[in-house]
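Everything below concerns the one structure shown next.
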Amino acid sequence: MATSPIWTREELILAFNLYLKLPFGKMHKGNEAVKTLSTILGRRTPDSVAMRLTNFASVDPYHQQRGVKGMSGGYDQVKPIWDEFINNQEELVFESERILAEYQHKTIDEIHPEIVFDLKNLKGEVKERLVKTRVNQSVFRQMILKTYESRCAISGIDLPDLLVAGHIKPWAEDEHNRLNPENGVCLSNLYDRAYEKGLICIDTDYKLLISKRLKAETNKEFFQRFFGDFQHKLIRVPRTYQPRKEFLEYRLERFEH
């Protein structure tokens with residue numbers, strides 16, 4: 001029986017790209033996203049793609065703790081890609097999206113139409129830098145929605161169009177952790193805006209805090225319905241990639257109780 005050719009670096013990066021976006025329980029050959037990647041790759045079966053996804057799970061510390069193991073040969077192939085991600089998240093994620101576009105004979109703009117509208121008049125290095133940022137933010141959103149099962153951590157709203165990936169340590173303030181899923185929380189637009197403006201915060205016990213400024217609005221109808229009912233309540237904490245406490249502490253230090 002003929003053996004399958006060794007996976008190339010580009011193929012492994014595309015499998016990793018899908019790993020970032022797909023819940024663990026859906027990493028099987030029957031999943032449509034797995035079948036789609038199989039088609040894009042051309043010479044890999046859905047079974048083979050699913051096996052590589054499991055290999056990536058076996059090098060992920062969260063799944064290692066759960067006892068997930070892959071075949072040793074597969075582990076050795078995917079470990080360098082995982083290490084590259086850990087050491088240089090932004091570069092590898094953007095490269096994975098560029099390769100994905102290339103394999104589909106498309107441009108980055110074509111596979112990410114949501115980023116184009118505000119970049120039309122830009123050119124050169126400025127546009128390249130912003131495209132990279134927008135693409136990586138889009139992938140980060142997919143990672144966080146996957147982690148939180150597409151539910152707002154505060155209200156439970158589960159309509160993806162209303163959900164964003166909020167950064168705990170802001171994008172501009174921690175370059176190394178921009179794409180770290182432990183630095184994200186899934187929020188609806190309302191709560192993301194309130195979080196960014198310092199009106200609410202999340203403590204290290206994963207409970208919601210309300211600022212002095214917002215408490216000054218307690219006599220208004222919206223307060224109890226949208227904020228008061230959630231005060232000191234636990235947010236929805238994901239099973240994997242819970243918000244890292246040192247990131248939460250960073251926000252808390254800047255929060256007006």
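Only a predicted model underlies this, so the values are computations on that prediction, with no experimental measurement involved.
Tyr75 is connected to Trp82 through a chain of hydrophobic side-chain contacts under 4.5 Å among Ile, Leu, Val, Met, Phe, Trp and Tyr, so both are in one cluster. Both Tyr103 and Ile81 belong to a common hydrophobic cluster when Ile, Leu, Val, Met, Phe, Trp and Tyr are linked at side-chain heavy-atom distances under 4.5 angstrom. In the hydrophobic clustering of this structure, Leu190 groups with Tyr195; members are Ile, Leu, Val, Met, Phe, Trp, Tyr whose side-chain heavy atoms approach within less than 4.5 Å, directly or through other members. When the side chains of ILVMFWY residues are joined at heavy-atom separations under 4.5 Å, either directly or via intervening members, Val237 and Ile157 end up in two distinct hydrophobic clusters. Under a hydrophobic-cluster definition in which Ile, Leu, Val, Met, Phe, Trp and Tyr are linked whenever side-chain heavy atoms come within less than 4.5 Å, directly or via other members, Leu162 and Ile144 are assigned to different clusters.
The heavy-atom pair separating Asn136 from Phe94 by the smallest distance is OD1-N, 3.3 Å. Residues Pro243 and Tyr206 come closest through the heavy atom pair O-OH, 3.1 Å. Between Ile168 and Arg251, the closest heavy-atom pair is O-NE, 2.5 Å. Between Arg43 and Ile6 the shortest heavy-atom distance is NH2-O, 3.7 Å. In terms of heavy atoms, Ile154 sits closest to Phe230 at O-CE2, 3.4 Å. Residues Leu145 and Pro160 come closest through the heavy atom pair CD2-CB, 4.3 Å.
Asp158 CG to Ser188 OG: the interatomic distance, rounded to the nearest 0.5 Å, is 11.5 Å. Atom CG of Leu214 sits about 12.5 Å away from atom SG of Cys201, to the nearest 0.5 Å. How far CE of Met143 is from CG of Leu22: 13.0 Å, rounded to the nearest 0.5 Å. The CD atom of Gln142 sits 10.0 Å away from the OG atom of Ser150 when rounded to the nearest 0.5 Å. Between the CD atom of Gln77 and the CH2 atom of Trp7 there is a distance of 9.0 Å, given to the nearest 0.5 Å. The CG atom of Leu248 lies 11.5 Å from the CD atom of Glu253; values are rounded to the nearest 0.5 Å.
Between Glu196 and Arg193, none of the side-chain N atoms (NZ, or NE/NH1/NH2) sits under 4.0 Å from a carboxylate O, so this pair counts as no salt bridge. Salt bridge present: Glu221 and Arg225 bring a charged side-chain N and a carboxylate O closer than 4.0 Å. The pair Arg52-Glu11 fails the salt-bridge criterion, with no side-chain N (NZ, NE, NH1 or NH2) lying under 4.0 Å from an Asp/Glu carboxylate O. Electrostatic pairing of Glu95 and Arg9 counts as a salt bridge here, judged by a charged N lying under 4.0 Å from a carboxylate O. Taking a cutoff of 4.0 Å between a charged side-chain nitrogen and a carboxylate oxygen, Glu84 and Lys79 do not qualify as a salt bridge. Salt-bridge annotation for Lys132 and Glu97: absent, with no side-chain N of the basic residue lying under 4.0 Å from a carboxylate O of the acidic one.
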Going through the checks in order, is the side chain to side chain donor-acceptor pair (under 3.5 Å) test met by Lys35 and Asn31? CA-CA 6 Å; Lys35 292 179 184 177; Asn31 183 278; over 6 Å; no
Yes or no on side chain to side chain contact (heavy atoms under 4.5 Å, CB included) for Phe24 and His63, after CA distance, side-chain angles and deciding distance? CA-CA 9 Å; Phe24 182 75; His63 293 302; 3.8 Å; yes
Walk me through it: do Leu208 and Gln231 pass the test side chain to side chain contact (heavy atoms under 4.5 Å, CB included)? CA-CA 5 Å; Leu208 188 76; Gln231 187 174 12; 5.8 Å; no
Asp192 vs Asn189, side chain to side chain donor-acceptor pair (under 3.5 Å): CA-CA, chis, key distance, verdict: CA-CA 5 Å; Asp192 178 62; Asn189 283 287; over 6 Å; no
Full working for salt bridge (Lys or Arg N to Asp or Glu O under 4.0 Å) between Glu149 and Arg239: CA-CA 10 Å; Glu149 300 177 331; Arg239 284 177 289 180; 2.8 Å; yes
Side chain to side chain contact (heavy atoms under 4.5 Å, CB included) between Leu187 and Leu163: does it pass, once the steps are laid out? CA-CA 6 Å; Leu187 298 169; Leu163 300 176; over 6 Å; no
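Between Leu252 and Asp203, some side-chain heavy-atom pair lies under the 4.5 Å cut-off. Under the 4.5 Å side-chain criterion, counting only non-hydrogen atoms from C-beta, Asn183 is not in contact with Arg244. Under the 4.5 Å side-chain criterion, counting only non-hydrogen atoms from C-beta, Phe227 is in contact with Ile200. For the pair Thr45 and Lys29, the minimum side-chain heavy-atom distance is 4.5 Å or more. Between Leu14 and Leu41, some side-chain heavy-atom pair lies under the 4.5 Å cut-off. By the 4.5 Å heavy-atom criterion applied to side chains, Leu209 and His257 are counted as neighbours. Taking the side chain as every heavy atom from C-beta outward, Glu249 and Thr204 approach each other to under 4.5 Å. For the pair Ile210 and Phe223, the minimum side-chain heavy-atom distance is below 4.5 Å.
Screening Leu53, Asp83, Asn55, Asp60 against Val78 for a side chain to side chain contact (heavy atoms under 4.5 Å, CB included) leaves a single residue, Asn55. Considering Asn88, Val93, Leu20 in turn, Val93 is the only one that fulfils the side chain to side chain contact (heavy atoms under 4.5 Å, CB included) rule with Leu179.
The aromatic ring centres of Phe247 and His167 sit 6.0 Å or more apart. Aromatic ring centroids of Tyr191 and Phe226 lie 6.0 Å or more apart.
Between the Ser96 side chain and the Ile13 main chain, no donor and acceptor come within less than 3.5 Å of each other. Judged by distance alone, the side chain of Lys21 and the main-chain N or O of Asn17 form no donor-acceptor pair under 3.5 Å. Checking side-chain atoms of Thr36 against main-chain N and O of Glu32 turns up a donor-acceptor pair under 3.5 Å. The backbone N or O of Val164 sits nowhere less than 3.5 Å from a side-chain atom of Arg141 that would complete a donor-acceptor pair.
No more than 12 heavy-atom neighbours from other residues, nucleotides or ligands sit within 6.0 angstrom of NZ on Lys207. Other residues, nucleotides and ligands place more than 12 heavy atoms under 6.0 Å from the CD atom of Gln104. Environment of NZ in Lys197: sparse, with no more than 12 heavy atoms of neighbouring residues, nucleotides or ligands closer than 6.0 Å.
The aromatic rings of Tyr62 and Tyr241 are tilted relative to each other, their planes meeting at an angle between 30° and 60°. Relative orientation of the Tyr19 and Phe16 rings is parallel, given thresholds of 30° and 60° on the angle between their planes.
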